[in-house]
Amino acid sequence: MTGYEYLLGDINTIKGVGVQTAKLLKKKNINTVFDLIWSLPHTNIDRTQLFKINELQIGKIQTVIVNVKKYNFPRIRNLPNRVTCVDETGVLECVFFNSYEGYIKKILPLGRSVTISGKISYYKNKYQITNPTHISSDTNVVKKIHAKYNLTEGLNEKKYNSIINTVLKKLPDLDEWLSEDVLKKFGNISWKDAVLQLHDPSNVKRKGNFLNRLIYDEILSVFLTNSNVRKSIKKVKKTKKVFTENPFKEIKKAINFKLTEDQLKAIDQINFDLKSNQKMFRLLQGDVGSGKTIVSLIAALNVISSGFQVCFMVPTEILANQHYNFAKNIFNKNIKIDILTGKTDRLKRKNILIDLKNNQINLLIGTHSLFQDKVQYKRLGLIIIDEQHKFGVKQRKKLSDKGGKDCDILVMSATPIPRTMIMTCFGDMDASIIKTKPKNRKTIKTYSKLDTKLPEVIKFVKKHISNNNQVFWVCPLIEESKKIDHQSSIKRYENLKKIFKDRVGLIHGLMDKNDRNSLLNDFLNKKLDILVSTTIIEVGIDFPNANLIIIENANKFGLSQLHQLRGRVGRGEKESFCILLLKSNLSENARKRINILKNSTDGFKISEEDMKLRGYGDLLGFKQSGIQTFRLADPILNEDLFLLAETEVKKIEKKDNFKNYINLLKLYDRADILNDLV
Ligand code: ADP
Ligand code: MG
């Protein structure tokens with residue numbers, strides 16, 4: 001068995017791990033020996049100092065050397081067995097519940113000197129240790145710093161430590177995968193030594209070369225995987241898309257604004273990819289409101305004009321409708337656009353599927369339903385995915401494969417995440433970044449107000465409406481329960497209706513599609529002044545005339561979510577406002593977060609600050625999203641290691657010596673998507 005086979009073997013191959021223990025560990029998602037390595041001691045217990053019995057302190061964990069003097073085994077149910085031990089200064093009694101005499105006699109042989117460590121108590125004028133776990137005739141076995149692990153229920157500390165120690169003892173020497181230069185940066189520590197140090201109980205603070213090396217290994221494995229996915233997709237030779245400048249010229253006339261430098265640059269980069277014979281796999285990244293939609297629609301138009309079909313996937317139905325309407329507005333009438341969502345009725349759906357197969361639809365916009373097996377295209381040339389941060393590397397690779405060889409991929413994201421996370425989550429793609437927002441945008445003024453000041457807020461709203469502006473009113477997200485959100489939005493709606501009469505609309509997730517669309521249209525056409533809603537307005541929707549947003553119970557939202565919500569206003573030319581309504585008893589942390597939002601409108605900065613406060617795991621629900629998470633690495637704290645890995649991957653790509661790292665990838669469980677690559 002090679003070292004790798006051992007590490008990737010099932011935990012039940014570890015000596016001492018039986019069926020029951022294996023079951024308990026697997027419950028905690030520890031399936032292989034390798035997995036076990038990353039469940040780390042969270043603290044340690046120092047048993048190094050020796051005490052005399054008369055120096056013992058009640059309640060502390062202390063270590064003594066004693067002589068075993070007398071047994072007292074009462075042979076009555078529920079009465080504990082006792083062993084009297086002494087040193088020259090006093091008496092210590094060891095009390096055993098549920099332990100057999102034979103076992104006690106073995107660990108505490110009469111007349112012998114033993115070292116005992118445990119929590120000291122005092123009972124009937126005697127020092128006691130109850131159920132001592134650390135006893136040995138060899139002082140050095142007890143007298144040391146012991147690691148304390150987060151225990152799995154049903155496993156005791158002794159068992160756990162013994163399993164981990166078995167693994168650490170058998171830890172194989174692996175061939176070094178790091179380059180000499182990089183290894184030197186980590187004091188030339190090998191993977192094995194680094195893992196040993198990681199578990200060294202005197203290291204629970206965990207700092208130094210050993211840790212950095214292991215963090216780096218982890219990052220490198222992700223980046224190398226990304227790099228390879230990208231390379232494999234690039235390898236696919238596709239039919240070049242052939243198109244002229246005309247569609248672009250036409251659309252420029254149809255829109256009432258001038259494209260920004262960054263938008264033009266992104267369009268150029270995309271066009272270059274479309275016209276090449278390599279498959280495009282590109283991320284279009286830009287903060288909310290930076291104008292990604294028009295860029296993607298121009299790409300769609302070019303692809304259509306070269307005789308291919310395009311599908312455009314968005315996360316919500318409302319957004320699908322909005323993109324659909326926008327495209328209808330600016331595209332030439334002979335381009336056939338349709339929309340398919342989970343709510344599309346059966347007959348319509350049937351017709352769409354037929355039209356699609358006959359190339360009677362050029363652009364299909366919709367939600368997840370676009371990727372069901374039944375949906376077959378005649379000649380799909382481009383897939384656009386909007387606002388879909390929940391797509392991980394593996395899913396994108398699958399999508400690209402499913403699209404077929406001629407299908408280019410454009411993914412759009414406003415997910416404001418730090419660069420280190422972009423490299424992690426989107427490193428498999430080329431990136432176009434829209435940094436600057438359209439010039440006419442004013443910054444959004446953000447205020448926080450106690451919810452007891454509601455009358456003032458209402459006054460402010462009235463003033464806005466009298467200036468011919470529109471208002472979003474986002475209702476409290478009390479719990480992750482649609483029903484409660486729904487109730488609270490109804491309550492607010494009825495309340496506002498008393499003041500603003502029929503100029504208020506309510507839109508919520510339980511609503512019928514047609515009702516919802518007609519309401520949205522009423523709002524767009526200014527038949528309504530206020531739109532009360534739950535967070536369904538969160539992603540992507542565009543209402544240029546709305547320039548005030550009120551968010552109730554704002555502290556219940558994540559910062560990035562608040563930023564997205566706030567991004568619903570400030571899209572037109574007027575000055576915009578965001579009012580965060582808060583309860584008075586905010587936690588320190590909540591107050592800090594609200595302040596970050598008030599002081600910045602830069603999504604990247606906000607997300608970085610948010611991460612510092614909350615830890616990256618919480619960010620946008622990354623943990624639930626199936627997107628890459630790390631065991632050790634932290635995209636904020638370890639930025640330098642992320643950057644080092646980035647540089648190194650470029651070198652590896654250049655030298656084309658990726659094969660040296662295949663064991664690293666196998667070990668870190670990235671190799672499965674590479675199976676068809678290597
Ligand atoms: P996002 O990047 O968040 O998806 P959108 O594409 O929805 O942003 O664009 C937001 C709004 O800005 C839309 O109304 C869009 O038509 C408009 N817009 C896009 N580009 C420009 C521009 N260069 N100048 C002015 N307005 C623009
Ligand atoms: Mg958008």
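We count ligands from 1, going down the list as the structure has it; atoms in each ligand are counted the same way.
- Only the backbone of L259 comes within contact range of ligand 1, with a heavy atom under 4.0 Å; no side-chain atom does.
- Enclosure of atom NZ in K497 by more than 12 non-hydrogen atoms of other residues, nucleotides or ligands within 6.0 angstrom is indicated.
- D386 and K292 are not joined by a salt bridge, as no carboxylate oxygen comes within less than 4.0 angstrom of a charged side-chain nitrogen.
- Close approach of ligand 1 to K258 is summarised as follows: ligand atoms under 4.0 Å from at least one heavy atom of the residue are 22 (C), 23 (N), 24 (N).
- The ligand atoms of ligand 1 that sit less than 4.0 angstrom from a heavy atom of T260 are 23 (N).
- The T293 neighbourhood of ligand 1 comprises atoms 4 (O), 5 (P), 6 (O), 7 (O), with distances under 4.0 Å to a heavy atom of that residue.
- On a distance-only criterion, G291 and ligand 1 share at least one N/O pair closer than 3.5 Å.
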In a table with atom names and distances, give each donor-acceptor pair under 3.5 Å that connects a side chain of residues 272-280 to protein atoms at least two apart or in another chain.
unit_1: D273; atom_1: OD2; unit_2: R282; atom_2: NE; d: 2.7
unit_1: D273; atom_1: OD2; unit_2: R282; atom_2: NH2; d: 3.3
unit_1: S276; atom_1: OG; unit_2: D273; atom_2: O; d: 3.2
unit_1: S276; atom_1: OG; unit_2: Q278; atom_2: N; d: 3.0
unit_1: S276; atom_1: OG; unit_2: Q278; atom_2: O; d: 3.2
unit_1: K279; atom_1: NZ; unit_2: S400; atom_2: O; d: 2.8
unit_1: K279; atom_1: NZ; unit_2: S400; atom_2: OG; d: 3.2
unit_1: K279; atom_1: NZ; unit_2: G404; atom_2: O; d: 2.8

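- Under the 4.0 angstrom criterion for non-hydrogen atoms, G286 is not in contact with ligand 1.
- Between the side chain of Q309 and the backbone N or O of I361 there is at least one donor-acceptor pair closer than 3.5 Å.
- Crowding of K405 atom NZ: a count of heavy atoms from other residues, nucleotides or ligands under 6.0 Å exceeding 12.
- Remark: K459 NZ is loosely packed, at most 12 non-hydrogen atoms of other residues, nucleotides or ligands lying under 6.0 Å away.
- With a 6.0 Å radius and a threshold of 12 heavy atoms from other residues, nucleotides or ligands, K592 has its NZ atom at or below the threshold.
- Here the shortest heavy-atom distance to atom 24 (N) of ligand 1, taken over S413, G603, G570, P438, belongs to P438.
- Under 4.0 angstrom from ligand 1, there are no non-hydrogen atoms of M412.
- Taking only nitrogen or oxygen atoms, main chain and side chain alike, G289 reaches within less than 3.5 Å of ligand 1.
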